[in-house]
Amino acid sequence: VNRSGEIDEKDLDIAIQKVCGARGWSQEDPHYEKTRNTLRTLWTVLTSKADIDHDRQVSVEEWYCAWREDESDREWSHIFRDLMFLLEDASGDGHVDVDEYVALYKALGLQEAQCREAFRRIQKDDASVVTKDKFDVLWEQYFHSEDPNAPGNFIFGKFDF
């Protein structure tokens, strides 16, 4: 997101570098390439759905409109969900543990204590990891639950806003 609150294509390369840098992935790492390709696909799908005025930017209002569209037409949301799981599951073992979770969000600027508390809230069932299936459920909670204490509301590393 740039200073005017919009996302544009030239910011995409910066986002790719930040996201991959947060995970320590160099351009030679297969995760870097997968992340780059996923973010580019996400951008293409998102702009095709959200860039209403075709200026190659997605304004805040266009972003909100994209989230209001029919659930069956939100392919980009599932691409985004899968990318977030990829980033959180740094080891690639199919689940996210507290250390992976905290490391990502600390690298993105959040405080460790807040990340640990957010992960604890995600883990209401006392499991020590988040599987892909559980992450998918948490994702849906984040975007659809009206309960502010639903575990999914903490998937992005924060517990207070």
Side-chain angles (χ1 to χ4, degrees), residues 1-3 5-51 56-58 63 66-67 71 73-144 150-159 161:
V1 178
N2 63 29
R3 289 176 192 229
E6 299 173 331
I7 303 168
D8 66 28
E9 191 168 6
K10 63 186 171 198
D11 293 326
L12 188 58
D13 287 328
I14 294 169
I16 292 167
Q17 291 169 3
K18 279 182 123 176
V19 165
C20 290
R23 275 296 172 220
W25 298 331
S26 70
Q27 290 185 1
E28 293 76 35
D29 191 304
H31 285 96
Y32 186 98
E33 185 68 17
K34 183 174 183 176
T35 302
R36 186 178 71 75
N37 291 340
T38 302
L39 279 171
R40 289 206 173 280
T41 299
L42 177 62
W43 176 251
T44 300
V45 173
L46 178 60
T47 56
S48 74
K49 304 288 184 192
D51 185 16
R56 309 269 316 140
Q57 296 182 339
V58 178
W63 175 256
W67 279 104
E71 182 76 27
D73 196 30
R74 288 207 332 221
E75 171 191 7
W76 64 271
S77 171
H78 298 276
I79 294 169
F80 185 32
R81 177 199 63 207
D82 294 345
L83 172 65
M84 290 307 301
F85 187 80
L86 168 74
L87 295 174
E88 289 185 15
D89 180 20
S91 67
D93 61 3
H95 63 267
V96 179
D97 63 36
V98 67
D99 293 330
E100 289 173 316
Y101 182 86
V102 169
L104 174 64
Y105 290 108
K106 269 183 57 180
L108 296 175
L110 299 179
Q111 294 184 1
E112 181 172 344
Q114 188 168 58
C115 298
R116 288 190 181 280
E117 177 62 18
F119 192 83
R120 187 192 66 74
R121 291 181 186 204
I122 286 170
Q123 294 307 101
K124 278 190 166 185
D125 63 2
D126 295 323
S128 61
V129 298
V130 175
T131 63
K132 177 67 169 83
D133 288 341
K134 181 169 183 176
F135 186 84
D136 292 352
V137 170
L138 293 168
W139 184 269
E140 292 304 314
Q141 284 179 354
Y142 181 83
F143 289 103
H144 299 290
N153 288 329
F154 310 105
I155 62 173
F156 293 110
K158 291 187 72 140
F159 66 90
F161 298 93

Report the residues that fulfil side-chain hydrogen bond (donor to acceptor under 3.5 Å, both in side chains) with [X], sequence neighbours left out, ordered by chain and then residue number.
X: Tyr105; result: Glu88
X: Asp93; result: Ser91, His95
X: Asp99; result: none

**Message:** Does this structure show an ion pair linking Lys132 with Asp89, if we count only N-O contacts that are shorter than 4.0 Å?
**Reply:** no
side-chain contact (heavy atoms from CB on, under 4.5 Å) against [X], all qualifying residues, sequence neighbours excluded:
X: Thr38; value: Lys34, Ile79, Leu83
X: Ala90; value: Arg23, Glu100
X: Lys106; value: Val102, Glu112

**Asked** So does Gln111 have more than 12 non-hydrogen atoms from other groups sitting under 6.0 Å from CD?
**Response** no
State the [atom1]-[atom2] distance between [X] and [Y], to the nearest 0.5 angstrom.
X: Asn153; Y: Phe143; atom1: CG; atom2: CZ; answer: 10.0 Å
X: Asp133; Y: Leu138; atom1: CG; atom2: CG; answer: 11.0 Å
X: Arg116; Y: Leu110; atom1: CZ; atom2: CG; answer: 13.5 Å
X: Phe85; Y: Asp136; atom1: CZ; atom2: CG; answer: 8.0 Å
X: Trp25; Y: Gln17; atom1: CH2; atom2: CD; answer: 15.0 Å
X: Arg81; Y: Leu86; atom1: CZ; atom2: CG; answer: 13.0 Å

**Request:** Check whether any side-chain heavy atom of Cys20 lies under 4.5 Å from a side-chain heavy atom of His31, and answer yes or no.
**Result:** no
**Complete:** For Ile122 and Tyr101, the nearest pair of non-hydrogen atoms, with its separation, is CD1-OH, 3.5 Å
**Request:** Go through the steps for Phe80 and Trp139 under the test side chain to side chain contact (heavy atoms under 4.5 Å, CB included), then give the verdict.
**Result:** CA-CA 10 Å; Phe80 185 32; Trp139 184 269; 3.3 Å; yes
**Message:** Using 30° and 60° as the class boundaries, would you call the ring planes of Tyr142 and Phe156 parallel, tilted or perpendicular?
**Reply:** perpendicular
**Asked** Given Ile155 and Met84, is the side chain to side chain contact (heavy atoms under 4.5 Å, CB included) satisfied, shown in steps?
**Response** CA-CA 9 Å; Ile155 62 173; Met84 290 307 301; over 6 Å; no
